[in-house]
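Report on the structure given below.
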Amino acid sequence: MKNIDEKLQPILAQVIRRNAGEPEFHQAVHEVLESLGRVVAKQPHFLDQALIERICEPERQIIFRIPWVDDHGHVQINRGFRVQFNSALGPYKGGMRFHPSVNVGIIKFLGFEQTFKNALTGMPIGGGKGGSDFDPKGKSDAEIMRFCQSLMTELHRHLGDQTDVPAGDIGVGRREIGYMFGQYKRLNNRFEAGVFTGKALAYGGSRARTEATGYGNTYFVQAMLQTRGTSFDGKKVVVSGSGNVAIYSIEKVQFFGGKVIACSDSTGYVVDENGIELALLKDIKEVRRERISEYARRKGAGVYFIAADKGSIWDVACDVAMPSATQNELSGKDAAALVKNGVMAVGEGANMPSTPEAIRVFLDAGVMFAPGKAANAGGVATSALEMQQNASRDSWTFEQTEMRLAAIMRGIHDTCHQTAEEYGAPGNYVLGANIAGFVRVAESMRMLGVI
Ligand code: NDP
Ligand code: 2IT
């Protein structure tokens with residue numbers, strides 16, 4: 001309960017009691033409540049109508065069985081989740097994650113974060129998240145399809161373009177979205193393009209959605225660097241992960257003149273002091289679906305691979321760090337190493353990648369720190385643009401879509417920056433993001449009555 005306003009402590013205690021064994025959810029709520037002390041001191045009406053208690057309780061949680069048949073004819077069982085967290089601003093909106101670590105606590109933390117993130121975009125979208133403990137690694141294309149179809153056979157009844165609109169996340173890309181959307185369309189006998197985002201362009205996807213999260217995080221960090229009169233030009237950058245968010249962060253950082261010298265996957269990291277060769281990385285990860293060590297093997301001399309149990313990517317000295325793999329991947333110790341090596345800015349591409357200790361180390365050291373719910377909001381913002389195109393049966397150019405994305409990221413940056421100042425913590429983007437996101441959702445909830 002450290003650092004939490006007295007009036008908010010019983011709320012956190014209640015969340016911990018009600019959601020036993022869900023440490024990631026507790027962590028996400030703890031971080032937001034830590035920021036809200038300043039809000040209730042200034043605007044005590046936010047304590048009325050159990051607004052904060054209500055915001056911490058998902059509106060609906062769906063847990064279901066997913067049976068499917070593997071290529072050997074064996075029946076496999078996975079568990080599916082959809083947490084419809086908050087619909088005060090619009091239909092539930094948020095990705096689906098396929099990873100063996102998925103459980104209800106992880107989906108709840110993601111849905112909670114999503115609610116504030118979506119509010120920060122300024123778009124009319126509520127917050128939700130879903131997924132399964134299914135492990136897509138090593139599965140055949142046919143197995144992936146059967147799994148996605150079985151999942152959707154149950155989930156379809158809970159979705160709708162005005163109700164709940166999923167997208168991708170870890171382990172879910174275009175291929176999986178195609179299979180899930182296809183089964184939804186079949187079961188409903190209805191081409192409802194806006195029920196899914198992250199679709200391929202051919203059947204209603206948006207240009208720039210694939211790139212949006214990584215590009216958006218890079219735009220956010222660029223805006224932070226500008227507040228100190230500098231830019232990406234000539235900076236050394238480390239990006240963890242090598243999935244969707246990491247790859248398009250690397251692409252945009254390189255476009256802005258930064259040099260990305262390291263990236264990773266769950267098996268370890270590679271260092272290439274000459275700068276990561278993006279075409280090769282894309283071929284290994286997007287086309288062949290191989291492990292990251294393959295990058296070092298194919299590059300040869302001067303490029304090295306370090307296995308995950310032998311070292312941390314955050315020991316690589318850099319000016320800017322962009323954690324883009326998964327939650328709690330960057331510890332207090334990692335943050336201390338980054339600070340010692342002179343890091344000046346951190347932009348969270350992933351959701352909650354920095355532990356609370358790491359965030360404290362960054363803030364105490366005066367590092368510019370962009371929390372995920374602000375920095376990685378470009379993905380979902382572009383999803384909202386995809387919904388907008390689907391609703392008007394339109395298809396925008398890449399340039400037009402990216403321009404909207406860039407303007408939205410600038411807006412989120414400025415909102416967080418100004419809110420932090422207004423609440424007496426200049427430069428603290430964590431506080432700015434939590435407060436600005438909360439106020440928008442809570443104000444709407446108040447106007448909608450006790451529901
Ligand atoms: P991908 O599945 O495309 O890539 C995930 C990457 O992170 C892979 O390199 C993966 O390595 C690594 N990774 C995943 N889990 C772990 C783990 N437990 N330990 C170590 N490494 C891990 O996912 P995305 O790029 O889409 O997502 C990355 C992060 O960004 C997530 O936190 C997600 O919630 C967040 N995010 C994604 C958005 C999107 O639009 N896709 C939008 C906003 C946030 P490996 O292949 O070895 O598992
Ligand atoms: O965490 C996220 O914001 C996402 N995975 C994207 C969600 C979306 O609906 O585009």
Side-chain angles (χ1 to χ4, degrees), residues 24 90-102 106-107 109-118 120-121 123 125-131 135-138 164-177 194-199 205-206 208-217 239-250 263-270 281 284-286 289-295 308 312-313 322-330 347-354 371-387:
E24 293 85 2
Y92 308 109
K93 181 83 198 84
M96 295 288 286
R97 175 179 292 191
F98 294 171
H99 193 272
S101 63
V102 163
I106 299 234
I107 298 299
F109 117 65
L110 290 163
F112 182 75
E113 290 283 288
Q114 197 82 47
T115 300
F116 302 104
K117 179 197 304 192
N118 293 5
L120 284 171
T121 67
M123 311 296 283
I125 42 180
K129 199 86 187 190
D135 186 358
K137 285 204 187 79
D164 186 352
V165 182
D169 194 82
I170 291 177
V172 177
R174 283 223 176 140
R175 175 178 59 164
E176 293 73 20
I177 288 169
V195 73
F196 246 99
T197 63
K199 302 182 293 296
S206 172
R209 174 62 189 89
T210 304
E211 294 82 357
T213 310
Y215 278 20
N217 187 23
V239 178
S240 66
S242 49
N244 172 267
V245 179
I247 284 177
Y248 293 96
S249 302
I250 297 172
C263 66
S264 64
D265 66 15
S266 60
T267 64
Y269 66 97
V270 290
L281 185 69
I284 290 170
K285 285 295 174 182
E286 293 186 333
R289 299 180 188 265
E290 289 172 340
R291 312 312 302 161
I292 198 69
S293 52
E294 194 54 23
Y295 180 89
S312 164
I313 191 174
M322 300 170 83
S324 306
T326 194
Q327 65 275 357
N328 293 327
E329 56 162 305
L330 197 163
E348 291 192 323
N351 285 306
M352 210 169 76
S354 310
K373 64 171 77 70
N376 71 36
V380 77
T382 308
S383 279
L385 300 179
E386 183 171 334
M387 291 162 75

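Whatever order the structure lists ligands and atoms in, that order sets their numbers, starting from 1. Note that this is a predicted model, so its numbers are computed, not measured.
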Report yes or no: does a heavy atom of Arg209 sit under 4.0 Å from some atom of ligand 2?
-> yes

Lys/Arg-Asp/Glu bridge criterion (N-O < 4.0 Å) met for Lys129, Asp169 = yes

Verify, without hydrogens or angle tests, whether Thr382 (side chain) and Val380 (backbone) share a donor-acceptor contact under 3.5 angstrom.
-> no

Close-contact set for ligand 2 against Lys93 heavy atoms, below 4.0 Å | 8 (C), 9 (O)

Is the side chain of Asp265 donor-acceptor paired with the backbone N or O of Ile292 at a distance under 3.5 Å, no angle test?
-> yes

Output yes when the distance from some N or O of ligand 2 to some N or O of Asn351 is under 3.5 Å, and no in every other case.
-> yes

Is the side chain of Thr121 donor-acceptor paired with the backbone N or O of Ala381 at a distance under 3.5 Å, no angle test?
-> no

In terms of side-chain heavy atoms, does Lys373 have a donor or acceptor partner in Asn351 at a distance below 3.5 Å?
-> no

Could you tell me whether Pro166 and ligand 2 have an N or O pair separated by under 3.5 Å?
-> no

Tell me, which protein residue and heavy-atom name are nearest atom 7 (C) of ligand 2, and how many Å apart are they?
-> Gly95 N, 3.5 Å

In this structure, atom 5 (N) of ligand 2 is nearest to the protein heavy atom Asp169 OD1, 2.9 Å

Would a distance-only check, ignoring hydrogens and angles, find a side-chain to backbone donor-acceptor pair under 3.5 Å from Glu329 to Thr326?
-> yes

Please step through side chain to side chain donor-acceptor pair (under 3.5 Å) for the pair Arg209 and Ser383, ending with a clear verdict.
-> CA-CA 7 Å; Arg209 174 62 189 89; Ser383 279; 2.9 Å; yes

Hey, is the main chain of Gly372 close enough, under 3.5 Å, to the side chain of Glu348 for a donor-acceptor pair?
-> yes

Kindly indicate whether the side chain of His99, heavy atoms from C-beta on, has any atom under 4.5 Å from the side chain of Pro136.
-> no

Does the Ser324 side chain pair with the main chain of Ala350, one donor and one acceptor, at a distance under 3.5 Å?
-> no

Which atoms of ligand 2 sit under 4.0 Å from any heavy atom of Ala167?
-> 8 (C), 9 (O), 10 (O)

Hey, does Pro91 have a side-chain heavy atom less than 4.5 Å from the side chain of Asp164?
-> no

Can you tell me which residues line ligand 1 if we count any heavy atom under 4.0 angstrom from one of its atoms, in chain and number order?
-> Arg97, His99, Lys117, Lys137, Asp169, Ile170, Gly171, Arg209, Thr213, Gly241, Ser242, Gly243, Asn244, Val245, Ser264, Asp265, Ser266, Arg291, Ser324, Ala325, Thr326, Gly349, Ala350, Asn351, Asn376

Counting each atom of ligand 2 from 1 as listed, which ones have a heavy atom of Lys129 under 4.0 Å away?
-> 1 (O), 2 (C), 4 (C), 5 (N)

Atoms of ligand 2 under 4.0 Å from any heavy atom of Lys117, numbered from 1 in the order shown, are 1 (O), 2 (C), 3 (O)

Heavy atom of Gly168 under 4.0 Å from ligand 2?
-> yes

Which atoms of ligand 2 have any heavy atom of Ser383 under 4.0 Å away?
-> 8 (C), 9 (O), 10 (O)

